[in-house]
Amino acid sequence: MLWLAHALTLARLPIAVALWSVWGHPLAAAALILAAALTDTADGHVARWAKRRGAPGSSNGPDIGGWLDPAVDKLFVAIVVVAIWIHTRALAVIALLGARELVLVPLLGLYLALRVPHRPLQADGLGKAATVAQFIALCVIAVAPAAALAAAAVAGGLGLLAAAHYVVVAVRTARAGVTPPVRDTPRG
């Protein structure tokens, strides 16, 4: 049953590509963004349900969803940001929408390169709120372009706050010499 969670995660990639062709058609773009948000919510719920039910591969192998979901999230944002750039050339909006990823991706690479012992990194409430704000901002940008900068600023600010929070948690954890607690939410 974990295959369904992975399929929901991967569904965001063709949705992002489809946004390229419908950008400028507000309702179609908003519907696709909503579909992407729903797959982002559903994949984690399905994975947790499957693991509770003892899905094959849920306890004896690597947690593919643990890295697949955040990787697809980053790709989704990158594809959508490029589509918005192609259609609007709104650099400030794009920078704000991608601010969290622009900060987190290099820091995550450094964190992993340092080979500090750690448990899998998990999204927390602040990170999830930043993701929700990003989806809302995308809808606002698609439907009400006049409010694009304000919506992107809120999403960007919350995203940077979440990124700073992740950095603080990682530094505190590394200084304490302990690994962060494993949460019961293996996917974002």
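- Under the 4.5 Å side-chain contact rule for hydrophobic residues, F135 and V154 do not share a cluster.
- Minimum interatomic distance between A142 and P26 (heavy atoms only, all atoms of both residues): O-CB, 3.6 Å.
- G159 and A130 make their closest contact through CA-CB, 3.8 Å (heavy atoms, listed as atom of the first residue, atom of the second, distance).
- Nearest heavy atoms, A133 versus L158: CB-CD2, 3.8 Å.
- A 4.5 Å side-chain heavy-atom check between L10 and V72 finds at least one atom pair inside the cut-off.
- No side-chain heavy atom of D40 sits less than 4.5 Å from a side-chain heavy atom of F76.
- Residue L19 is not grouped with residue L34 when hydrophobic side chains (ILVMFWY) are merged at heavy-atom distances under 4.5 angstrom, including chains of intermediate members.
- In this structure, A148 and I141 approach most closely via the heavy-atom pair CB-CG1, 3.7 Å.
- A heavy-atom distance below 4.5 Å is not found between the side chains of T9 and T39.
- The structure places NZ of K128 at 9.0 Å from OG1 of T41, a figure rounded to the nearest 0.5 Å.
- If you chain together hydrophobic residues whose side chains sit under 4.5 Å apart, L138 and L38 never meet in one group.
- Among pairs with a residue in residues 140-162, none fulfils ring pair (Phe, Tyr, Trp, His ring centres under 6.0 Å), at least two apart in sequence or across chains.
- Partners of I94 by side-chain contact (heavy atoms from CB on, under 4.5 Å), not counting sequence neighbours, listed by chain and number: V81, I84, W85.
- For I86, the CD1 atom is densely surrounded, since the number of other residues' heavy atoms within 6.0 Å is greater than 12.
- A155 approaches A137 most closely through the heavy-atom pair CB-CB, 3.8 Å.
- Contacts classified as side-chain hydrogen bond (donor to acceptor under 3.5 Å, both in side chains) and involving residues 99-108 (residues at least two apart or in different chains) are given here: R100-T131, R100-Q134, E101-Q134.
- For the pair L126 and L161, the minimum side-chain heavy-atom distance is below 4.5 Å.
- Applying the side-chain hydrogen bond (donor to acceptor under 3.5 Å, both in side chains) rule to H165 yields the partners D124; only residues at least two apart in sequence or on another chain are considered.
- For L102, there are no side-chain contact (heavy atoms from CB on, under 4.5 Å) partners at least two apart in sequence or on another chain.
- No path of Ile, Leu, Val, Met, Phe, Trp and Tyr side chains, each step under 4.5 Å between heavy atoms, connects V140 with I33, placing them in separate hydrophobic clusters.
- Rounding to the nearest 0.5 angstrom, the gap separating the CG atom in L75 from the CG atom in L68 is 9.5 Å.
- Within the 4.5 Å cutoff, the side chain of D69 has heavy atoms near those of the R12 side chain.
- By the rule that hydrophobic residues join a cluster once side-chain heavy atoms approach within less than 4.5 Å of another member, L96 and V132 end up as members of separate clusters.
- Between the side chain of W23 and the backbone N or O of A18, no donor-acceptor pair lies under 3.5 Å.
- The nearest pair of heavy atoms linking L97 to A152 is CG-CB, 4.3 Å.
- Legend: residues meeting side-chain hydrogen bond (donor to acceptor under 3.5 Å, both in side chains) with H87, ordered by chain and number and at least two apart, are absent.
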